[in-house]
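Below is one structure; the comments refer to it alone.
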Number of protein chains: 2
Amino acid sequence: MPQHEPLPRDPIAEARRNWEREGWTQAAGPMAAVTSIMRAQQLLLGQADRILKPFRLTFSRYEVLALLSFAREHKMLMKKASALLQVHPTSITNAVDRLEDAGLVRREPVSTDRRAVNVALTLEGLEIVEQASRALNEQLFLTTGFEEQEVETIVAALSGFRARSGDFTAPENLPVSLPPSPPAAS
Amino acid sequence: MPQHEPLPRDPIAEARRNWEREGWTQAAGPMAAVTSIMRAQQLLLGQADRILKPFRLTFSRYEVLALLSFAREHKMLMKKASALLQVHPTSITNAVDRLEDAGLVRREPVSTDRRAVNVALTLEGLEIVEQASRALNEQLFLTTGFEEQEVETIVAALSGFRARSGDFTAPENLPVSLPPSPPAAS
DNA sequence: GGTCGATAGTGGTACGTCCAACTATAACGG
DNA sequence: CCGTTATAGTTGGACGTACCACTATCGACC
């Protein structure tokens with residue numbers, strides 16, 4: 001499945017040893033973690049794109065569709081999609097351009113703000129995203145081989161990292177020491 | 001540091017709840033893990049590129065330099081660099097083009113194989129990569145905020161995943177509970 | 001009610017990645 | 001020795017992302 005044939009040794013483990021030999025022992029672990037994340041992302045994205053190819057989708061376009069499929073009335077402001085998917089607004093413009101060409105979404109004006117644009121899922125878009133979700137679940141998410149415990153650690157550790165990086169506030173997944181109640185149940 | 005202001009809630013936790021509500025409970029955890037990895041990579045890469053900007057480097061070009069800095073005589077076949085960094089050969093061509101323009105590496109012919117090309121670090125390249133490594137260690141790897149235990153779990157889980165994906169054989173980092181011997185040592 | 005700073009979205013550019021196709025060379029097999 | 005196949009690297013194109021600059025509109029304040 002990877003585009004190279006397997007290497008005899010793990011290059012990241014190798015890099016970690018190099019780092020330690022260099023005396024950067026404190027940084028070696030996180031370096032390996034960061035590099036592992038980069039490689040894993042590359043593999044996961046490649047795999048996802050391969051799975052989605054029959055649907056003429058890429059993962060980033062799929063993410064837009066999936067987001068809309070959970071939105072009220074299957075529509076959402078461009079701005080909000082950009083914020084929730086945490087990509088640059090131009091990336092949304094790009095994705096929506098292509099999705100619109102494919103007839104999977106529609107741009108709609110917003111009556112209360114003539115600057116803004118709503119993206120709405122079309123019927124065909126809804127069908128496609130349902131099929132694509134099933135394919136991703138079966139062929140990617142259920143086959144990662146991560147153990148339950150690994151999943152939880154990864155999600156928690158990266159959630160903490162994302163929160164620290166300013167991705168979001170209200171770290172709902174951080175250990176236990178939360179202020180008991182954000183007053184609004186929004 | 002992120003290009004958006006923080007969201008009030010974690011969109012990945014939200015997506016996980018949506019997945020569960022949809023009945024995809026088995027896939028929900030891995031979906032969250034995969035999505036977390038994708039977002040974390042995006043943040044890490046952006047941060048790395050920002051740190052490397054003063055050196056007129058990107059992370060992928062830095063990776064080439066770092067690889068060479070640990071190689072015998074600071075040189076390596078393009079092919080080998082491509083395999084070790086696990087990117088498509090064209091990505092190496094691209095990176096080496098730019099690094100060569102910047103005077104940080106040099107292409108050299110290989111006497112024993114006229115198809116092949118060696119990439120060699122220049123003196124300036126060696127200086128730059130040392131400074132860049134220090135900057136990355138201080139500003140990225142030492143500041144991820146990952147706890148020791150998280151680092152080890154991430155590295156181990158992703159190492160297992162990469163091995164299963166065919167990235168490399170000889171899973172040196174896998175826990176202990178392996179099927180003692182797949183009969184063929186292929 | 002007009003000015004002036006924020007905001008929503010888009011166009012253009014730069015960069016990294018992959019893929020398909022291509023050139024040149026090497027290695028193998030008759 | 002020659003034809004076939006494999007390998008190393010490059011070129012050109014598609015796509016996703018970020019950044020900058022720009023337009024249009026909103027909103028807030030005097």
Side-chain angles (χ1 to χ4, degrees), chain A residues 1-5 38-39 41-53 56-64 76-102 105 107-119, chain B residues 1-5 38-39 41-53 56-64 76-102 105 107-119:
Chain A
M1 200 95 341
Q3 43 282 39
H4 309 282
E5 48 204 78
M38 303 252 185
R39 295 271 175 277
Q41 187 267 354
Q42 191 174 0
L43 290 167
L44 288 165
L45 184 61
Q47 182 67 14
D49 283 343
R50 238 168 280 133
I51 293 167
L52 293 173
K53 191 152 199 181
R56 300 177 157 282
L57 284 178
T58 62
F59 189 68
S60 58
R61 280 179 248 169
Y62 164 77
E63 280 188 297
V64 174
M76 184 179 287
L77 290 176
M78 301 278 286
K79 179 61 201 267
K80 188 164 185 188
S82 159
L84 289 177
L85 295 177
Q86 306 189 240
V87 292
H88 201 274
T90 51
S91 296
I92 298 292
T93 295
N94 185 335
V96 169
D97 282 350
R98 297 171 195 279
L99 289 169
E100 200 169 27
D101 287 348
V105 303
R107 275 181 169 94
E108 295 177 347
V110 177
S111 57
T112 60
D113 185 344
R114 286 191 300 177
R115 293 169 305 180
V117 176
N118 258 324
V119 198
Chain B
M1 200 87 352
Q3 44 281 37
H4 309 281
E5 48 205 77
M38 303 250 186
R39 295 272 175 277
Q41 187 267 354
Q42 192 174 359
L43 289 167
L44 288 166
L45 185 60
Q47 182 67 13
D49 283 345
R50 238 168 279 133
I51 293 167
L52 292 172
K53 191 153 198 182
R56 302 176 155 280
L57 285 177
T58 61
F59 189 69
S60 57
R61 281 178 247 170
Y62 165 78
E63 280 188 296
V64 174
M76 184 178 286
L77 290 176
M78 300 278 286
K79 179 61 200 266
K80 188 165 186 188
S82 159
L84 289 178
L85 296 177
Q86 307 189 240
V87 292
H88 201 274
T90 51
S91 298
I92 298 292
T93 296
N94 185 336
V96 169
D97 282 350
R98 298 171 195 279
L99 289 170
E100 200 169 27
D101 286 349
V105 304
R107 275 181 168 94
E108 294 177 348
V110 177
S111 57
T112 60
D113 185 344
R114 286 193 299 177
R115 293 169 305 180
V117 176
N118 258 324
V119 198

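Chain A is the first sequence line, chain B the second, and so forth, proteins listed ahead of strands; every chain is numbered from 1.
- Following rounding to the nearest Å, A:Asp97 (CG) and C:dA8 (C1') show an atom-to-atom distance of 15 Å.
- What separates CG of A:Leu77 from C1' of D:dT25 is a distance of 14 Å, to the nearest Å.
- Expressed to the nearest 0.5 Å, how far OG1 of A:Thr93 lies from CZ of A:Arg98 amounts to 11.5 Å.
- Going from atom CG of A:Leu45 over to atom P of C:dG16 covers 17 Å, rounded to whole Å.
- Here B:Gln47 contributes atom CD and B:Leu52 contributes atom CG; the two are 10.0 Å apart, rounded to the nearest 0.5 Å.
- Within 6.0 Å of CZ on B:Arg107 lie more than 12 heavy atoms contributed by other residues, nucleotides or ligands.
- Nucleic acid contact for B:Asn94: base, since at least one base atom lies under 4.0 Å from a heavy atom of the residue.
- Atom C1' of nucleotide C:dC15 and atom CD of B:Glu63 are separated by 15 Å, given to the nearest angstrom.
- If A:Ser91 and B:Thr90 are placed on DNA chain D by their nearest nucleotide, the residue sitting closer to the 5' end is B:Thr90.
- Put simply, CE on A:Met76 is 14 Å from P on C:dA8, counting in whole angstrom units.
- At least one side-chain nitrogen or oxygen of A:Arg61 sits closer than 4.0 Å to the OP1 or OP2 atom of D:dG16.
- In this structure, the CZ atom of A:Arg50 is 16 Å from the P atom of C:dT17, given to the nearest Å.
- A:His88 has its NE2 atom 14 Å from the C1' atom of C:dC15, to the nearest Å.
- Residue A:Arg107 places no side-chain N or O under 4.0 Å from the OP1 or OP2 atom of C:dA8.
- Here the nucleotide nearest the side chain of B:Thr93, chosen from D:dT17, D:dT10, D:dC20, is D:dT10.
- Between the C1' atom of D:dG16 and the CZ atom of B:Arg39 lies a distance of 13 Å, rounded to the nearest Å.
- One N or O on the side chain of A:Asp49 and one on the backbone of A:Phe59 form a donor-acceptor pair closer than 3.5 Å.
- Distance from the side chain of B:Arg115 is smallest for D:dA6 among the nucleotides D:dC26, D:dA6, D:dT10.
- Remark on DNA chain D: of its neighbouring residues B:Lys80 and A:Arg98, the 5'-side contact belongs to B:Lys80, judged by nearest-heavy-atom nucleotide.
- Here B:Gln42 reaches the OP1 or OP2 of D:dA18: one of its side-chain N or O atoms lies under 4.0 Å away.
- Closest non-hydrogen pair, A:Leu85 versus A:Ile92, comes out as CD1-CD1, 4.0 Å.
- Nucleic acid contact for B:Asp113: sugar-phosphate only, since backbone atoms but no base atoms lie under 4.0 Å from a heavy atom of the residue.
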